[in-house]
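Presented below is the structure to which this report refers.
First listed ligand is number 1; within each ligand, the first listed atom is number 1. FYI, side chains are in, hydrogens and waters are out, and symmetry mates aren't considered; it's all heavy atoms of this structure. Everything quoted here is computed from the prediction, not taken from an experiment.
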Amino acid sequence: MKFNLEEKNLKDIQADFALAFVENKNLDAYPKAKDLFKMMNYKGEGTCLDLANRTLYVELKARDLEEIKLCFANAYKALKGLDIKSLKTHFIKGKCTLASLHALAQGFIFASYEYDKYKSEKKSYKLEEILIAADEFEGKEYKRDEALMGLEIGQIVSNACSYAKDIVNEIPAVYTPLSFEADAKNLAKEIDALKCTVYDEHYLEKEGMNAFLAVNKASPLPPRLIHLEYKPKNPKFRAVFVGKGLTYDSGGLSLKPGASMVTMKSDKAGGAAVMGILKAISSLGLDIEVHGVIGATENMIGSDAYKPDDVLKSREGKTIEVRNTDAEGRLVLVDCLSFAQDLKPDLLVDLATLTGACVVALGEQTSGIMGNNEELQDEFYKASKMSGDLACVLHFNKYLRELLKSDIADISNVSSARYGGAQTAGIFLDNFIRDEYKDKWLHLDIAGPAFVEKEWGYHKPGATAAGVRMCITYLLWLLRSKEWA
Ligand code: BES
Ligand code: ZN
Ligand code: ZN
């Protein structure tokens, strides 16, 4: 999809179709369409198609960023079946021009995302060009540079989200740890500023990453630890993102029930998000050193599978009693987090589809933010709100900490209580974070929104790239000296 900012009035732009916004259900703004609205029984909610005048009326509920995205996404949805190549529109100016145009691009790109690789009949939508009138919308001034920058950032971030979604939506027979390796290497080939190093099972053995290796044991496919690096000349700080890349989670010997296993191709969403973040940050050329670390493996069953009752020694030296092989993500993550801490991060964030408990606690649309640094958690919460990712802070406490005690090893991989599973998983990870990084670390449990089987807002059924926009928004905010746009 192409976006052009035209230095023209809307009426002087040549296009197949036009958008007209209906705010506060105020239809009086369009007196010429009075008869059409009456005939179509349109009261200002949703969309109304005026084929004779090639105009789509679309409701704009409010001028905040989410409603701007929804407005353009709904417009795309209403028009996608028509034989239209180009669409002209005003831009909706919210508080900030840059963010408003970012939102415009994101609304269109998210709405146009399709995963139909396995459909015999592909949908062929024709709408390719969005022409944006840069005339003053309702007398409000705009700055062209800011507007163009907003469009550029909006496209880069949204396309990075589509890239992450494609990884998550791909089926487990096709997308394996070796696909993560190939994709990461291709990304580094495509973007000069990105470097990619891939480590195999021999390296993991040498490094004592026995928790990670145990999860891989029953898989016929080798594990991969992928390290992506983006190092600009004068970086302001160093951020490391760690992603859970389980290309399939059957539960292992603590096998998942059939119904819960469906959608577990999405257990690689943390890794996919890290790929998306690195793609966007390096394309934007931001002055931040950013690393991506992905732990990629399957969790399968077989006679060589790791077992409940096993004790594993992690890279950090702590021993772990395995009481449930379905709590595998945390085992992979602690060895990856150990590797990540050696990179001396100023900020360390892991993204993982870690617990069903987080979905129960927060619902399917919301990620859990956990850690030890309340200020950092609150900042991330704000970033999530700005970005469109939904998130909520979950706090640890000393009573939950006690639930991971093991009689035989230093720690158990599951809690001894039924409740609070999202936090106890976070606390498990915290046990492998060194003192100097305790306040620099955040854990994002994206199990809910990473993959949702029904459509919501501007998201299609399936992958949503949960966490990508939130993390990028946080970094952009840091670069703006902690000023919200
Ligand atoms: N990958 C799952 C978590 C998950 C559940 C992701 C639902 C997305 C949707 C994870 O590896 C898992 O199985 N966790 C267990 C932990 C339990 C055994 C302590 C869970 O949540 O049931
Ligand atoms: Zn699991
Ligand atoms: Zn899992």
Side-chain angles (χ1 to χ4, degrees), residues 168-169 172 175 177 211-212 214-219 223 242-273 294-301 305-310 320-336 350-368 370 394 400 403-404 406 411-429 443-454 461-467:
V168 176
N169 283 327
Y175 210 93
F212 186 164
V215 175
N216 177 255
K217 268 182 84 185
S219 170
V242 176
K244 170 177 174 183
L246 263 286
T247 60
Y248 203 70
D249 181 12
S250 70
L253 288 179
S254 314
L255 195 64
K256 283 185 184 295
S260 314
M261 211 183 290
V262 181
T263 73
M264 278 304 131
K265 66 172 183 179
S266 68
D267 217 18
K268 53 179 156 14
I294 298 161
T297 174
E298 291 183 320
N299 184 24
M300 299 303 286
I301 53 169
Y306 82 123
K307 304 173 188 74
D309 286 351
D310 275 342
I320 305 164
E321 177 189 1
V322 178
R323 294 183 69 90
N324 191 319
T325 62
D326 197 12
E328 84 300 336
R330 60 196 77 181
L331 299 175
V332 172
L333 281 177
V334 292
D335 279 343
C336 291
D350 73 73
L351 297 103
T353 46
L354 207 61
T355 66
C358 196
V359 194
V360 173
L362 303 178
E364 277 183 301
Q365 284 83 16
T366 307
S367 297
M370 285 161 260
L394 293 171
L400 289 169
L403 302 174
L404 290 166
S406 161
I411 192 166
S412 162
N413 83 325
V414 289
S415 161
S416 55
R418 269 180 74 168
Y419 305 112
Q423 293 100 309
T424 48
I427 291 167
F428 180 87
L429 301 178
H443 161 54
L444 304 178
D445 191 334
I446 57 170
F451 192 92
V452 182
E453 286 190 282
K454 35 187 192 296
T464 70

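Take a cut-off of 2.8 Å around the Zn ion (ligand 3): the protein N, O or S atoms inside it are Lys244 NZ, Asp249 OD2, Asp267 OD2, Glu328 OE2.
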Side chain to side chain contact (heavy atoms under 4.5 Å, CB included) between Phe428 and Leu403, worked out:
CA-CA 10 Å; Phe428 180 87; Leu403 302 174; over 6 Å; no

Please test Val359 against Glu364 for side chain to side chain contact (heavy atoms under 4.5 Å, CB included), starting from the C-alpha separation and ending with a verdict.
CA-CA 6 Å; Val359 194; Glu364 277 183 301; 4.0 Å; yes

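Leu394 is listed as a side-chain neighbour of Cys358, based on a closest heavy-atom distance under 4.5 Å. In this structure the side chain of His443 reaches within 4.5 angstrom of the side chain of Leu354, judged on heavy atoms. Using a 4.5 Å cut-off on side-chain heavy atoms (C-beta onward), Thr297 and Thr247 make no contact. The shortest side-chain heavy-atom distance between Tyr419 and Thr424 does not fall under the 4.5 Å cut-off.
For Thr355 and Asp445, the side-chain atoms include at least one donor-acceptor pair closer than 3.5 Å. Using modelled atom types and a 3.5 Å distance limit, the side chains of Ser254 and Thr325 yield a donor-acceptor pair.
Salt bridge present: Lys244 and Asp267 bring a charged side-chain N and a carboxylate O closer than 4.0 Å.
Listed by chain and residue number, the protein contacts of ligand 1 are Lys244, Asp249, Lys256, Met264, Asp267, Asn324, Asp326, Glu328, Arg330, Thr353, Leu354, Thr355, Gly356, Val414, Ala447 (heavy atom within 4.0 angstrom).
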